[in-house]
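What follows is a set of notes on a single structure, which appears directly below.
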Number of protein chains: 2
Amino acid sequence: MTIKEVSDKYQLSTDTLRYYEKVGLIGPISKNKSGIRDYKEVDLRTIAFVKCMRQANMPIDKLIRYMNLYKEGNKTLEDRKQLLVEQLHKVEKEIQELEKAKERLCYKIDLYDYQLLEKNLSMEKETVL
Amino acid sequence: MTIKEVSDKYQLSTDTLRYYEKVGLIGPISKNKSGIRDYKEVDLRTIAFVKCMRQANMPIDKLIRYMNLYKEGNKTLEDRKQLLVEQLHKVEKEIQELEKAKERLCYKIDLYDYQLLEKNLSMEKETVL
DNA sequence: CCTTGACTTAGAGTCTACTCCATGGTGTAA
DNA sequence: TTACACCATGGAGTAGACTCTAAGTCAAGG
């Protein structure tokens, strides 16, 4: 699979894909004789995971640490789990904060609706009289 | 209320408070004869709102636009509401994405628990034999 | 009076995560 | 075979949101 195809499939720019590879988040990706990347199934799975974790706002350096632990094999299971648990907590907290913000937004929007209603009523009055 | 007290109350650094004022997100804050800021009740309410919107990941420039509309008064009600509605949609989408990430994290953590269990069992076997 | 600690300013610096650029090679359809 | 879109590299540049620094002012306590 070419970098363009991967880019389209996962909605990550080709620049981003190369950047992720450079910093060690994915790959190294195998290349054909003329140096062009050929993404394999396992690469795609890594990319999907990375994308998901990035959407969970996991910072790049933490993700890199996770990937490095992964490469070290079985003895790092506990550490890797720990990283994910930490991230889970962060995600839960963020969801809570967003929910709070959401409520406030809804409340304010309601207020605006009310104010707009009043404004329109008074304009109508003006027009009628 | 001094900048330090506000900083403690809202968990925003004094630098950040001054920065918000500089870019026009809050204030201008009134100052005493020797030039020291004195935050009033209305400032605190603005700060609380700004903090909430920032936690909702509303970009600074959008917030500034909102604040400017607010200062223009009644005729901008519709526009302001529009900004908030947009932001609400963004927040809802982000919550969804975080929920997705959360599920994936939970799933992976479960897998790790299982793998760790297996590992410990086999270690126990080794010890016993 | 002097020190200490909190306050002020303007402006430079930092961090994260990309994103863009210049330059040059590749592959395939007409 | 030439045009075209795509690929590569290293390194510079950007956006957003702070964060820090230097240099100075001010009020209170010892």
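Numbered from 1 within each chain, the chains take letters A, B, ... in sequence-line order.
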* So, is Arg37(A) near the phosphate of dT9(D), with a side-chain N or O under 4.0 Å from OP1 or OP2? -> yes

* To do: Could you tell me whether the side chain of Arg18(A) and the main chain of Lys22(A) form a donor-acceptor pair under 3.5 Å?
  => no

* Do the side-chain N and O atoms of Arg80(B) and Tyr66(B) include a donor-acceptor pair separated by under 3.5 angstrom? -> no

* To do: Mark yes or no for whether Ser7(A), through its side chain, and Leu12(A), through its backbone, hold a donor-acceptor pair below 3.5 Å.
  => yes

* To do: Please indicate whether Lys4(B) has more than 12 foreign heavy atoms, meaning atoms of other residues, nucleotides or ligands, lying under 6.0 Å from its NZ.
  => no

* To do: Please step through side-chain contact (heavy atoms from CB on, under 4.5 Å) for the pair Glu5(B) and Tyr39(B), ending with a clear verdict.
  => CA-CA 9 Å; Glu5(B) 287 165 340; Tyr39(B) 291 80; over 6 Å; no

* Rounded to the nearest Å, what distance is computed from the CG atom of residue Asp8(B) to the P atom of nucleotide dA6(C)? -> 11 Å

* Asked: Within the pair Arg18(B) and dT8(C), is there a side-chain N or O less than 4.0 Å away from OP1 or OP2?
  -> yes

* Asked: Rounded to the Å, how far apart are Ile26(B) CD1 and dC18(D) P?
  -> 12 Å

* To do: Would you kindly check if the NZ (Lys) or CZ (Arg) of Lys108(B) is within the cone defined by 45 degrees around the ring axis of Phe49(A) and under 6.0 Å from the six-membered ring centre?
  => yes

* Measure the distance from CD on Glu21(A) to P on dC18(C) and round it to the nearest whole Å. => 15 Å

* Does the Ser13(A) side chain pair with the main chain of Thr16(A), one donor and one acceptor, at a distance under 3.5 Å? -> yes

* Asked: For residues 40-55 of chain A, which residues have at least one heavy atom under 4.0 Å from DNA chain D?
  -> none

* Glu99(A), CD: over 12 other non-hydrogen atoms inside 6.0 angstrom -> yes

* To do: Assign a letter to each nucleotide of nucleotides 19-25 of chain D from its 5' end: B, base within under 4.0 Å of a protein heavy atom; S, sugar-phosphate only; -, no contact.
  => BB-----

* How do Lys33(B) and Asn57(B) order along DNA chain D: which one's closest nucleotide is nearer the 5' end? -> Asn57(B)

* To do: Say whether, by atom type as modelled, one donor and one acceptor occur between the side chain of Lys102(A) and the main chain of Glu92(B) under 3.5 angstrom.
  => no

* **Asp61(B) vs Arg65(B), salt bridge (charged side-chain N to carboxylate O under 4.0 Å, His left out): CA-CA, chis, key distance, verdict** => CA-CA 6 Å; Asp61(B) 57 356; Arg65(B) 233 183 311 141; 5.1 Å; no

* **Close approaches to DNA chain D from residues 59-71 of chain A, in residue order (heavy atom, under 4.0 Å)** => none

* Mind running a 4.0 Å heavy-atom check of residues 91-100 of chain A against DNA chain C and sending the residues that fall below it, in number order? => none

* To do: Evaluate whether atom CD of Glu103(A) has more than 12 neighbouring non-hydrogen atoms of other residues, nucleotides or ligands under 6.0 angstrom away.
  => no

Give me the distances for all protein-to-nucleotides 1-6 of chain D N/O pairs that come in under 3.5 Å?
none

* Asked: Judged by atom type as modelled, is there a donor-acceptor pair below 3.5 Å linking the side chain of Ser30(B) to the main-chain atoms of Asp38(B)?
  -> yes

* Structure fact -> Separation of dG16(D) atom C1' from Met58(B) atom CE, nearest Å, is 15 Å

* Can you tell me how far P of dC18(D) sits from CD of Gln11(B), to the nearest Å? -> 14 Å

* Gap between atoms CG and P, on Leu25(A) and dT16(C) respectively (whole Å) -> 14 Å

* Measure from the side-chain N and O atoms of Gln87(A) to the backbone N and O of Ala56(A), and report whether any donor-acceptor pair falls under 3.5 Å. => yes

* **Set of residues satisfying salt bridge (Lys or Arg N to Asp or Glu O under 4.0 Å) with respect to Glu21(B), sequence neighbours excluded** => Arg37(B)

* Asked: Does Tyr20(B) make a side-chain N or O approach to OP1 or OP2 of dC18(D) shorter than 4.0 Å?
  -> yes

* **Asn120(B) side-chain N/O to Leu117(B) backbone N/O, donor-acceptor pair under 3.5 Å** => no

* Once you round it to whole Å, what is the distance between P of dC18(D) and CG of Leu17(B)? -> 11 Å

* Step through the shown structure and confirm whether more than 12 heavy atoms of other residues, nucleotides or ligands are within 6.0 Å of NZ on Lys71(A). => yes

